[in-house]
Number of protein chains: 2
Amino acid sequence: MARLPLYLRALTALSERSVPTVSSEELAAAAGVNSAKLRKDFSYLGSYGTRGVGYDVEYLVYQISRELGLTQDWPVVIVGIGNLGHALANYGGFASRGFRVAALLDADPNVVGSTAAGLPVRHMDELEDIVVTQHVSIGVITTPPGAAQQVCDRLVEAGVTSILNFAPTVLTVPDGVDVRKVDLSIELQILAFHEQRKAGDEPSAGDSVLDRAPGPVRAAAAKLRRAAGGGKAADQAKSTPAAKGAKGPDDDLSAVMPA
Amino acid sequence: MARLPLYLRALTALSERSVPTVSSEELAAAAGVNSAKLRKDFSYLGSYGTRGVGYDVEYLVYQISRELGLTQDWPVVIVGIGNLGHALANYGGFASRGFRVAALLDADPNVVGSTAAGLPVRHMDELEDIVVTQHVSIGVITTPPGAAQQVCDRLVEAGVTSILNFAPTVLTVPDGVDVRKVDLSIELQILAFHEQRKAGDEPSAGDSVLDRAPGPVRAAAAKLRRAAGGGKAADQAKSTPAAKGAKGPDDDLSAVMPA
DNA sequence: TAGATTGTTAATCGATTAACAATC
DNA sequence: TAGATTGTTAATCGATTAACAATC
């Protein structure tokens, strides 16, 4: 349940304000989800609410924390102490939720020996030893992309079974190992994608208002553009592009053509 | 389409190896998705493949880049130049994809005037001016959680319509404004959640193998625990907790009880 | 032509949500 | 009791995927 942390945060806020109980409606609003969904989620954890009253805030905080494993101690290694590794080592949200930075590792001799967040940066050679002796099961990779898979392999080999990957690479891992990827460029690309659709698409041949239409219309518009030889489409080996424009009903573009 | 950046990365790798064409099967494997899904995704962009051959790599790279808006210049402001803001300012993936850091902003006079990634850190007072004059439409928030909503409001007011939020807060924005949240603690919590289910749950009363069973069984197990008065359940104002254990067919736990 | 692979349909699956009986 | 709110069902929605006709 990827929504549990969301609920937990909202509940923690209520707890700090000493709110004793909360209804599914209120909590759902605070967490930004549908109240039926929230009730269903909670019902999977067991039925912790009271009809006519709502949910006991403290009790729910405890149950969700336990369900998420936040009542345990999770030693974590961070590999690659560049800017991002530094930032993560200092990240406040770690310690408060049971995540303990067991070690910072880097391959660069110039970085090894320096200090980040009060911890010494140690050399990659110590990876296996640290993972084994400190029972580390979660690894955070903040290396350059080229080194990520190699680091991942070593972590897995040493016994790590969960990896948080910040390098822009798809990691290959054996079954039983979880990988979660945080990719800043992907997040920004998605924003740019939506941004582009917002403030007035420029009215060029290849990027018209047609692109905002539903699927079939957009596909038809794309065919039109290629038929017109716009952009790189002209380079493509399309045998009879112009003839394709008016074959079946699906290809009849008169309804979507500007007058 | 949140998968386009994924495809683009796989295609870029192929492009660098000068691979001319790729089948949906191959590309899907590289991107880690189902090939039918990939073909469907591409069909929404227009039909850029050739039956019996596959997709032209270069052409697809171009089309997806254009679709994502990566052929444009996107000025971005980063607000909150702590460790994370620093890391982002230096993040290589930005510039290479058309994202240009227009300004770094911070409220702390001790930080203002310093340099990060070759750019001067400027004071929050300049926010509105920078957004307007540089036509910034994307803002990145790396402030402490308490300041995030306020910063967000100012960004939106000034004209920003896309926000990448690293602060652990749910931001409220008007319609037409996109927010994407990157929350490191949530990612780690999800890993810990799965991690907990993996290497042998300890056989305590409140955290048994029953928790791995399908929904109904787990709910029943949870009821059992409460009926048994385990954990904080005893503190709860449950009128007749013990009596609840054997009321209807749903509450019959004999089928899931250990012998 | 024969083999390969797309584009698309239709089936499947899972997630979301409205609605309401159960019950505090 | 009357009002409120949960827990859960059933309907809805959207996303995924197998399958295959179209066609290179």
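Every chain is numbered from 1, with letters handed out A, B, ... down the list of sequences.
What separates CG of Asp56(A) from P of dT6(D) is a distance of 13 Å, to the nearest Å. Rounded to a whole Å, the CG atom of Asn34(B) is 15 Å from the P atom of dG7(C). When rounded to the nearest whole Å, the span between OH of Tyr44(B) and P of dT16(D) equals 10 Å. With rounding to whole Å, Leu38(A) atom CG is found 12 Å from dT17(C) atom P. One interatomic measurement links the two molecules: CG of Asp41(A) to P of dT17(C), which rounds to 11 Å at whole-angstrom precision. Atoms OH (Tyr59(B)) and C1' (dT6(C)) sit 15 Å apart, rounded to a whole Å. Rounded to a whole Å, the CG atom of Leu60(A) is 11 Å from the P atom of dT6(D). When rounded to the nearest whole Å, the span between NZ of Lys37(B) and C1' of dC13(C) equals 12 Å.
Of the possible donor and acceptor atoms, none in the side chain of Glu187(A) sits under 3.5 Å from a partner among the backbone N and O of Arg180(B).
When every heavy atom of Ser35(B) is checked against every heavy atom of Ser24(B), the shortest pair comes out as CB-O, 3.8 Å. Pairing each heavy atom of Leu184(A) with each of Tyr91(B), the nearest pair is CB-CE2, 3.7 Å. Between Pro145(A) and Ala167(A), the closest heavy-atom pair is CA-CB, 4.1 Å.
Within the structure, the ring-ring contact (aromatic ring centres under 6.0 Å, His included) test picks out the following pairs touching residues 6-26 of chain B (sequence neighbours left out): Tyr7(B)-Phe42(B).
Of the residues near DNA chain C, Gly54(B) and Arg39(A), the one whose nearest nucleotide (by heavy atom distance) lies more toward the 5' end is Gly54(B). Checking Val53(A) against Lys40(A), the closest nucleotide of DNA chain C that is more toward the 5' end is the one next to Lys40(A).
In this structure, the ring of Tyr55(B) has its center no less than 6.0 angstrom from the ring center of Tyr48(B).
Near DNA chain D, meaning a heavy atom under 4.0 Å from it, residues 16-30 of chain B has no residue at all.
When distances are taken from the side chain of Arg3(A) to each of dA18(C), dT17(D), dT16(C), the shortest belongs to dT16(C). Each of dT16(D), dG7(D), dG7(C) was ranked by its minimum atom distance to the side chain of Tyr55(A); first place goes to dG7(D). When distances run from any side-chain atom of Ala36(A) to the nucleotides dC24(C), dT17(C), dA18(D), the shortest one goes to dT17(C).
Under the 3.5 Å distance criterion, with hydrogens and angles disregarded, no donor-acceptor pair is assigned to the side chains of Thr169(B) and Gln149(B).
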Stepwise side-chain hydrogen bond (donor to acceptor under 3.5 Å, both in side chains) check, Glu195(B) with Thr161(A): CA-CA 7 Å; Glu195(B) 194 59 37; Thr161(A) 48; 2.5 Å; yes
Show me the dot-bracket string of DNA chain D, counting Watson-Crick or G-U pairs under 3.5 Å, with | for pairs to another strand and [ ] for crossing ones. ..||||||||||||||||||||||
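Partner Ile141(B) forms a side chain to side chain contact (heavy atoms under 4.5 Å, CB included) with one of Leu84(B), Leu155(B), Leu164(B) and no other, that one being Leu155(B).
One N or O donor and one acceptor, one from the side chain of Arg51(A) and one from the base of dT6(D), sit under 3.5 Å apart.
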